[in-house]
Amino acid sequence: MKAASLNRNNFIRQIRRRPLTLLGPLFLIVLTYWFFFTSSKPTSKYSYKTKKNGFFSRQHDVIPRNLPGDHIAHYDLNKLASTPMAVYNKEKVLILSPMSKFYNEYWSNLLRLTYPRELLELGFIVPRNKDGDLALKKLEKAIKQIQTGKKENRFSKITILRQDTESLDNQQEKHRHALKVQKERRAAMASARNSLVFSALGPYTSWVLWLDADIIESPPTLIQDLVSHDKPIISANCYQRYFDEEKKQDSIRPYDFNNWVESEEGLKIAENMADDEIIVEGYAEIATYRPLMAHFYDANGDKNTEMELDGVGGAAVLVKADVHRDGAMFPPFPFYHLIETEGFAKMAKRLGYQVFGLPNYLVYHYNE
Amino acid sequence: MGPYYKPSPQNEFLNKLRSIAQNKYSISIIGIVITIVLLTNFIIQIVLGQLYIPNFSSVPNTDFFDLRSFEGLPDGWQHEERVLFCVPLRDAAAHLPMFFGHMKNLSYPHNLIDLSFLVSDSTDDTMGVLKTHLKEIQNDPIKSNRFGEIEIFEKDFGQAIGQGFSDRHGFEAQGPRRKLMARARNWLWTVSIKPYHSWVYWRDADVETVPKTIIEDLMHHGKDVIVPNVWRPLPDWLGNQQPYDLNSWQESEGGLQLAKTLGEDAVIVEGYVEYATWRPHLAYLRDPYGDEEVEMDLDGIGGVSILSRAKVFRSGANFPAFSFEKHAETEAFGKLCKRMGYSVVGLPHYVIWHIYEPSSDDLKHMEWMAKEEARQIEESKLKQFYDKVWSEGFEDVRDDWENDRINIFKNTDTNKLKNVKVDWSDSDNFQYKPPLGKDKDKVLAAFDPQEGK
């Protein structure tokens with residue numbers, strides 16, 4: 001009995017002298033309990049804390065946020081049509097222009113088009129370099145002028161994109177057309193075209209007009225004229241105005257050689273090519289003997305003359321939007337040894353569409 | 001002095017550094033110089049590297065997007081990256097409740113998911129059921145359960161082929177069917193993809209079991225195109241489980257050789273004896289205990305659940321509705337992406353489960369099983385009846401006989417008898433006393449036990 005009380009006294013004295021001997025273990029017990037039993041929910045594998053994209057990043061205010069609960073858009077695409085009576089049926093046309101240079105003549109020609117503006121949408125894509133910056137600034141100015149002006153002059157929608165892939169730097173005219181760089185250049189162009197069409201194409205778009213940013217002159221009824229042929233893909237003939245030094249007078253000459261009909265020779269060349277090689281028109285190295293639409297122009301001929309084509313250029317091409325929706329795109333790789341717009345024509349044909357051209361219907365390319 | 005003590009140029013340099021380091025001033029000067037260089041670099045990058053961004057905020061109906069901002073990061077959900085969630089639907093009313101059950105559980109921030117549905121060639125009320133579910137989920141009192149933008153598209157492509165399992169999965173039907181489905185898929189994404197989408201996720205409605213983190217699980221790999229392994233559960237009599245999606249595979253020599261022999265419009269489909277390609281399939285490489293993070297390069301992929309960077313589609317990849325390198329739809333999509341230089345990857349050990357739809361052979365077997373069961377029940381009923389008639393028509397004494405037999409043999413079983421010793425020694429001395437009284441006339445039978453000896 002006495003021994004026990006002595007022990008207890010000892011124990012209490014011990015605690016008084018060194019309180020940590022008791023508090024330490026107690027604290028540990030509480031801590032372990034807290035660690036093992038108070039974690040209420042099993043924590044997720046991933047963190048959902050928002051990270052900032054960088055100090056200078058800009059919030060994109062066009063992205064829909066906090067839409068009302070019953071905001072459910074419903075489109076019946078069975079009713080969407082592309083007919084020769086496009087204006088009458090109020091069919092929406094999307095004009096697409098990849099743009100590395102802004103020409104005032106292009107813009108004024110675009111504004112001269114007589115297709116109703118409320119049915120017109122525009123789409124532009126600019127390269128990721130200084131050229132793109134310059135074009136973008138001019139384009140911004142031009143767009144602001146028209147879109148903040150009179151309501152009836154405004155386009156129904158305009159989408160401007162900056163290409164995500166690095167652009168090949170600005171090339172001199174000679175260098176630009178060298179055969180070696182063609183594949184690379186046109187692959188980049190194809191990617192840009194694809195990004196543009198698939199970003200801008202809406203569930204209400206009936207027609208897509210590819211109009212290069214260096215097309216500076218076309219008939220004002222360009223869209224109506226092309227639509228009236230009611231073809232899945234139809235291309236105008238692209239020429240260029242120049243001053244003929246010999247005859248000392250203004251003249252015109254063919255510019256775009258990518259509208260062509262396949263030839264025996266062309267097929268033979270393709271057969272013997274490696275998988276990743278391409279055939280391009282207008283080079284002495286590759287003589288395909290393809291009939292080129294550029295050479296079929298007849299100044300006195302009927303403007304509405306059609307010819308079936310196997311390859312198209314991108315200068316002024318009208319496409320039924322369904323063709324793109326079915327998956328016809330601009331191959332950024334050799335597709336049957338064709339690339340970009342020519343590959344596009346081939347892909348459309350593989351999807352069962354026919355491609356046509358209007359040899360006597362001219363649009364004009366800028367003269368550098 | 002040995003060669004070891006020769007001061008090498010490095011040592012000299014180190015010594016110099018050491019002496020510099022001992023000087024406080026020189027250290028601070030070096031620090032300042034480094035800081036200034038870094039800062040100027042930083043500023044130069046910001047001033048010169050930054051591309052021009054136009055401001056259209058006050059211009060009606062005009063938008064600018066830098067596609068570089070929507071390229072798709074592996075941790076996209078932390079960067080508010082938007083996902084376009086594409087669901088092609090055809091006669092799917094029955095699957096929608098299950099599908100929306102999964103949707104509600106998705107852990108990817110719902111407000112960053114834009115839903116896009118294509119309802120085509122449906123004979124049931126897919127559209128009605130879809131809208132009911134969407135309205136319900138979009139009016140959820142918990143706002144974080146609601147999704148972003150929702151678009152429903154209707155488009156009929158004409159359906160030459162039925163939608164029964166065997167109609168769909170029969171060999172001959174594959175080519176045209178796959179091309180038609182490819183068209184439907186292309187219509188869906190081309191009308192719904194926006195410049196601000198960073199990812200596109202394709203999902204069939206008839207997936208039964210799927211982790212709620214499916215999007216993050218696929219996204220964090222940071223691949224351009226990625227698919228999980230797809231299996232389906234089976235009834236016990238078919239072996240419990242089976243690979244479902246055989247469209248995810250790696251190209252083989254056999255496949256390439258087969259492709260060369262086929263016509264331009266032919267479509268190779270996997271999982272049919274008609275086309276033996278000997279390709280390694282994602283489905284068969286599954287190890288139930290394997291690491292879910294393991295990746296496998298693929299050439300063709302299946303469409304049950306695909307996560308892809310949006311830029312893959314924007315740059316032109318799609319589901320070829322024609323024979324592309326002898327394939328169509330999702331398999332050709334894989335091939336096309338490869339051709340365009342994108343990474344196409346599958347996760348062999350990360351599995352989602354498709355629902356089980358019995359094939360017509362399975363249905364036949366199930367019908368046989370049901371008939372067999374009914375037949376057995378009928379048979380046992382008949383047996384009971386005959387048994388009753390038998391027992392009432394005859395008195396069955398077989399059991400009694402059996403008992404009697406046991407009782408009789410119980411005591412005569414010689415094996416059980418003990419060896420009894422009889423003492424015959426006194427027998428000779430036995431005195432016979434003639435009986436008295438009424439038995440006095442009886443005489444003993446002539447018996448002498450000794451007689452036989």
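Just the heavy atoms: all of them, side chains too, but no hydrogens, waters or symmetry mates, feed the values below. These figures come from a predicted structure and were not determined experimentally.
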Tell me if a side-chain donor or acceptor on A/Arg325 pairs with a main-chain N or O of B/Ala184 at a distance below 3.5 Å.
no

Rounded to the nearest 0.5 Å, how far does CZ of B/Phe70 lie from OG of A/Ser199?
10.0 Å

Of all residues at least two apart in sequence or in a different chain, which pass the salt bridge (charged side-chain N to carboxylate O under 4.0 Å, His left out) check with B/Arg183?
A/Asp326

So which part of B/Glu71 gets closer than 4.5 Å to some heavy atom of chain A, the side chain, the backbone, both or neither?
side chain

Pairwise side-chain contact, A/Leu77 with B/Trp187, heavy-atom cut-off 4.5 Å (strictly under):
yes

Assign the ring pair A/Tyr75 / B/Phe153 to parallel, tilted or perpendicular, where the plane angle (0 to 90°) is split at 30° and 60°.
parallel

Run the numbers on A/Lys45 and B/Asp217 for side-chain contact (heavy atoms from CB on, under 4.5 Å), then give the verdict.
CA-CA 9 Å; A/Lys45 212 158 113 186; B/Asp217 289 344; 3.5 Å; yes

Would you mind telling me which of A/Thr148, A/Thr205, A/Ile143, A/Asp322 has the largest number of heavy-atom pairs within less than 4.5 Å of chain B?
A/Asp322

Let me know if A/Lys137 has heavy atoms under 4.5 Å from chain B in its side chain, its backbone, both or neither.
both

Out of B/Asp75, B/Ile137, B/Asp156, B/Val119, return the one with the most heavy atom pairs under 4.5 angstrom to chain A.
B/Asp156

Does some side-chain heavy atom of A/Arg128 sit less than 4.5 Å from a side-chain heavy atom of B/Asp66?
yes

Under 3.5 Å, is there a donor on one side chain and an acceptor on the other for A/His74 and B/Glu154?
yes

Do NZ/NE/NH1/NH2 and the carboxylate oxygens of A/Asp76 and B/Lys155 come within less than 4.0 Å?
no

Between atom CD1 of A/Ile158 and atom CZ of B/Phe56, what is the distance when rounded to the nearest 0.5 Å?
7.5 Å

Options B/Asp140, B/Leu188, B/Asp265, ranked by heavy-atom pairs under 4.5 Å with chain A, top entry
B/Asp265

Side-chain contact, heavy-atom cut-off 4.5 Å: A/His324 with B/Thr190?
no

Quick check on A/Phe330 against chain B: is it the side chain, the backbone, both or neither that has a heavy atom closer than 4.5 Å?
neither

Decide, yes or no, whether a salt bridge links B/Asp63 with A/Lys157 under the criterion of side-chain N to carboxylate O below 4.0 Å.
no

Heavy-atom contact with chain B under 4.5 Å, split by part of A/Pro334
both

Donor-acceptor under 3.5 Å (B/Gln78 side chain, A/Lys49 main chain):
yes

Proximity breakdown for A/Phe335 and chain B, heavy-atom pairs closer than 4.5 Å
side chain

Working note: A/Thr159 + B/Phe64, criterion side-chain contact (heavy atoms from CB on, under 4.5 Å); need CA distance, chi angles, decisive distance, verdict.
CA-CA 6 Å; A/Thr159 308; B/Phe64 171 80; over 6 Å; no

So, B/Arg68 side chain and A/Asp164 main chain: donor-acceptor pair closer than 3.5 Å or not?
yes

Would the number of heavy atoms belonging to other residues, nucleotides or ligands and lying under 6.0 Å from CG of A/Asp276 be above 12?
yes

Just wondering, are more than 12 heavy atoms of other shown residues or ligands nearer than 6.0 Å to CD in A/Gln145?
no

Which heavy atom of B/Gly316 sits nearest a heavy atom of A/Phe198, and at what distance?
CA-CE1, 4.1 Å

Do B/Ile152 and A/Ile72 have side-chain heavy atoms sitting under 4.5 Å apart?
yes

Minimum heavy-atom distance between B/Phe322 and A/Leu351, given as atom pair plus value:
CD2-CD2, 3.6 Å

Bottom line for B/Ser120: the part with an atom under 4.5 Å from chain A's heavy atoms is neither

Validation row: A/Ser156, B/Asn61 side chains within 4.5 angstrom (heavy atoms):
no

Under 30°, 30 to 60°, or over 60°: which ring-plane class applies to A/Tyr46 and B/Trp77, parallel, tilted or perpendicular?
perpendicular

What verdict does the side-chain contact (heavy atoms from CB on, under 4.5 Å) test give for B/Leu67 and A/Arg162, after you've listed the backbone C-alpha separation in whole Å, the side-chain angles of each residue and the deciding distance to 0.1 Å?
CA-CA 6 Å; B/Leu67 294 179; A/Arg162 171 81 80 167; over 6 Å; no

Choice from B/Ala317, B/Ser323, B/Pro320, B/Ala182 maximising heavy atom contacts with chain A below 4.5 Å
B/Ser323

Counting only N and O atoms by type, is there a donor-acceptor contact under 3.5 Å from the side chain of A/Arg350 to the main-chain atoms of B/Phe324?
no

Does the side-chain contact (heavy atoms from CB on, under 4.5 Å) test come out yes or no for A/Leu161 and B/Arg314, once each step is laid out?
CA-CA 12 Å; A/Leu161 304 175; B/Arg314 268 200 294 269; over 6 Å; no

May I ask you to decide if B/Leu51's main-chain N or O and A/Asp133's side chain share a donor-acceptor pair within less than 3.5 Å?
no

Under the 3.5 angstrom rule, does the side chain of A/Asn194 hit a backbone N or O of B/Ser315 as a donor-acceptor pair?
yes

With only heavy atoms counted, which part of A/Arg154 is less than 4.5 Å from chain B, the side chain, the backbone, both or neither?
side chain

Most contacts with chain A, counted as non-hydrogen pairs under 4.5 angstrom, among B/Ala321, B/Pro60, B/Ser58, B/Ala310:
B/Pro60

Contact origin within B/Ser192 toward chain A - heavy atom pairs under 4.5 Å
neither

Under 4.5 Å heavy-atom distance to chain B, tell me which part of A/Tyr336 shows up: side chain, backbone, both or neither.
side chain

Under 4.5 Å from any heavy atom of chain A - which part of B/His220:
side chain

Please find the pair of heavy atoms, one from B/Tyr52 and one from A/Leu136, that lie closest to each other, and give the distance.
O-CD2, 3.7 Å

Counting distance only, does the side-chain N/O of A/Lys144 pair as donor-acceptor with the main-chain N or O of B/Asn55 below 3.5 Å?
yes

